[in-house]
Amino acid sequence: MKKEKKCSDCGTKMIKVSSKTPDGISYNYFKCSKCGEEILNMSQLHEVAEKYRNMKTYHAKISKWGLSLGLRIPKELVKKYKFKANKEVTIIPEKEGLKIIT
Ligand SMILES: [Zn+2]
């Protein structure tokens, strides 16, 4: 571990506190007890990003549709990306999967 964090504004020792995002994800950060300056270090930032990534994972089943395969897109994603039946989309093959552009 590195030595203790000092506030970049006033030089006061910062304390580690934890909080929750509006989405209910808990995270840790440093807060200056004097001026109230708040910072996240890289690992704390990484932790929050990881939690968000896991939260935004959806599962869908691929089903046979004639000679092709169809993917049922969850309602929530249909709404979010404004997918519509019979609307054409672009599929981009990427290293870890497919990217669908509306
Ligand atoms: Zn401060």
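Read the numbers this way: they start at 1 and go in the same order the structure lists the ligands and their atoms. Numbering starts at 1 and runs along the sequence shown.
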> Heavy-atom distance under 4.5 Å between the side chains of Val89 and Phe83, does that happen here?
Replying inline: yes

> Taking Lys20 for the side chain and Tyr27 for the main chain, is one N or O donor matched with an acceptor at less than 3.5 Å?
Replying inline: no

> Hey, which protein N/O/S atoms does the Zn ion (ligand 1) have under 2.8 Å?
Replying inline: Cys7 SG, Cys10 SG, Cys32 SG, Cys35 SG

> Would Arg53 and Glu50 pass as an ion pair if we require N to O under 4.0 Å?
Replying inline: yes

>> If you count every heavy atom of other residues, nucleotides or ligands that lies below 6.0 Å from Lys87 atom NZ, does the total exceed 12?
In response: yes

> Hey, what do you get for CD (Glu37) to SG (Cys7), rounding to the nearest 0.5 Å?
Replying inline: 5.0 Å

>> Between Lys80 and Glu76 (salt bridge meaning N to carboxylate O under 4.0 Å), is one present in this structure?
In response: no

